[in-house]
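One structure below.
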Amino acid sequence: MRRLGKRGGLGNPRLVYQQSDVVALLERQDGYATVEALQRLGLSRSALRWRLNRSWRLFLPGVVQTFTGEPTPRQRLIAAALFAGEDAALTAWAACQWWGLKNDTGDRCLVFVTARNRGEKRYRNILVRRSQLLDAGVIKDGLLRVSSAARSVADAARRAHQQQRADALVIEAVQGHHTSGDQLAHWLNVASMPGNERLRRAMAAAETGAWSVPEAQLLALLATSTVLPVALANPRLSAANGIRLVTPDAYLGDVGLAVMVHSRAHHFDSAEWEATIAGDSGLSEHGVTVLGVTPRQLHADPAAVLARVERTYLALQRAGHRPRATTAVRPVS
């Protein structure tokens, strides 16, 4: 917030109110305050009008911005929280960002939930909805109240613009230990809400043990086969000397067949991509056959991908191939 100097003071000296209290409030709230809070501190309607005609502006209904220039994303959240009310908690996409999740659901609405006995309130991209569902995991971050990771992810998945976006978010949240399947199941089952089916499908994708949407698609595809045994999802493989090997996306351990989804979208730079390819070679050195597929192939012709995996599996089985690597993980049900 821009500091208030002599020329940027709180108003005409003839307008009398608790200036020090107002300054303290604005410092705490990054330059924002509700009209109601300012009036409680003695700022009259005429004094407020005087300031709004100069350097202040009404940023949201009932919420005043007391500095010039564009607010930061954090300041926009604070203003939205003041608009929503002191008991409201941020949820859905914006709350997932606060929790450190990266996958984008396509939703840009700032959603708050409140227990207040009032109807839904909406202004521009801000939605305040009433909810009687208690969230014991709400976190306070200064003025901002943020819903638990489980509730935030559940609400964001429901509002996701596409099923694949919901899948990606839920997989990221579960694999990153932001939340668990049981915690998400609680928020799925507590109420019948629009988007529950999208959330349910996203949870099913995460339950496969996949680390990305293409991996979930691969595991779901392999599970349809009448030829293949149940594949292991992201198993821990070790060499004969105990050295940890690269983790395959799907693994058929009886013949040592690793199926890997190769996608640059899940590698941040060329070095990481090259390391992945090198890891495939490392598996081969220990008797593991690596079969690579791409997300585009999975999407465009899944039947061809499945047939290729089945042919490779049967060929290794006929040859009596056995890997030198060992694994310790339960199969995905």
Side-chain angles (χ1 to χ4, degrees), residues 1-4 8-11 15 17-99 107-149 151-152 155-156 159:
M1 186 189 76
R2 182 173 297 178
R3 291 194 174 275
L4 301 172
L10 287 168
L15 304 176
Y17 49 89
Q18 297 298 320
Q19 181 166 307
S20 61
D21 292 343
V22 172
V23 170
L25 176 68
L26 296 178
E27 289 285 354
R28 290 197 306 271
Q29 298 182 171
D30 269 18
Y32 289 95
T34 63
V35 171
E36 181 182 356
L38 291 170
Q39 289 178 337
R40 281 201 306 266
L41 293 176
L43 190 67
S44 67
R45 290 184 180 180
S46 60
L48 178 58
R49 208 161 36 240
W50 191 89
R51 292 307 304 167
L52 289 173
N53 287 332
R54 287 160 179 79
S55 58
W56 291 6
R57 65 167 171 152
L58 201 61
F59 185 72
L60 294 170
V63 179
V64 176
Q65 177 180 308
T66 65
F67 59 91
T68 56
E70 285 301 307
T72 65
R74 168 76 180 183
Q75 287 172 321
R76 289 184 182 276
L77 277 180
I78 289 174
L82 289 169
F83 170 77
E86 62 182 14
D87 69 327
L90 184 68
T91 187
W93 165 76
C96 288
Q97 283 197 316
W98 186 93
W99 283 104
D107 178 35
R108 288 297 177 269
C109 191
L110 299 179
V111 183
F112 291 83
V113 287
T114 178
R116 288 189 181 183
N117 188 19
R118 64 187 183 195
E120 183 175 288
K121 180 170 71 168
R122 183 187 292 268
Y123 184 77
R124 294 180 182 169
N125 71 323
I126 304 171
L127 170 64
V128 185
R129 59 181 180 82
R130 182 186 173 193
S131 175
Q132 296 299 329
L133 303 176
L134 298 179
D135 184 358
V138 170
I139 299 293
K140 286 202 70 174
D141 178 13
L143 183 69
L144 195 63
R145 300 178 75 247
V146 184
S147 297
S148 65
R151 182 173 195 159
S152 300
D155 286 343
R159 296 178 57 88

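Side chains are part of it too, since the values below use all heavy atoms of this structure and drop only hydrogens, waters and symmetry mates.
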So which pairs with a foot in residues 133-148 pass salt bridge (charged side-chain N to carboxylate O under 4.0 Å, His left out), sequence neighbours left out? Arg74-Asp141
Sequence-distant partners of Leu133, side-chain contact (heavy atoms from CB on, under 4.5 Å), two or more places apart: Ser131, Arg151, Trp187, Val190, Ala191
Listed by chain and number, what are the side-chain contact (heavy atoms from CB on, under 4.5 Å) partners of Ala79, not counting sequence neighbours? Tyr32, Phe59, Leu60, Val63
Can you list the residues that meet the ring-ring contact (aromatic ring centres under 6.0 Å, His included) rule with Phe83, with sequence neighbours excluded? none
Do other residues, nucleotides or ligands put more than 12 heavy atoms under 6.0 Å from the CZ atom of Arg124? no
Heavy atoms of other groups near Arg45 CZ, more than 12 under 6.0 Å: no
Which atom pairs, one a donor and one an acceptor, fall under 3.5 Å between side chains of residues 36-43 and the rest of the protein, sequence neighbours left out?
residue : atom : partner : partner atom : Å
Glu36   : OE2  : Arg40   : NH1          : 3.3

All side-chain hydrogen bond (donor to acceptor under 3.5 Å, both in side chains) counterparts of [X], not counting sequence neighbours:
X	result
Glu70	Arg76
Arg130	Asn117
Asn125	none
Thr91	Asp155

Partners of Arg108 by salt bridge (Lys or Arg N to Asp or Glu O under 4.0 Å), sequence neighbours excluded? Asp104
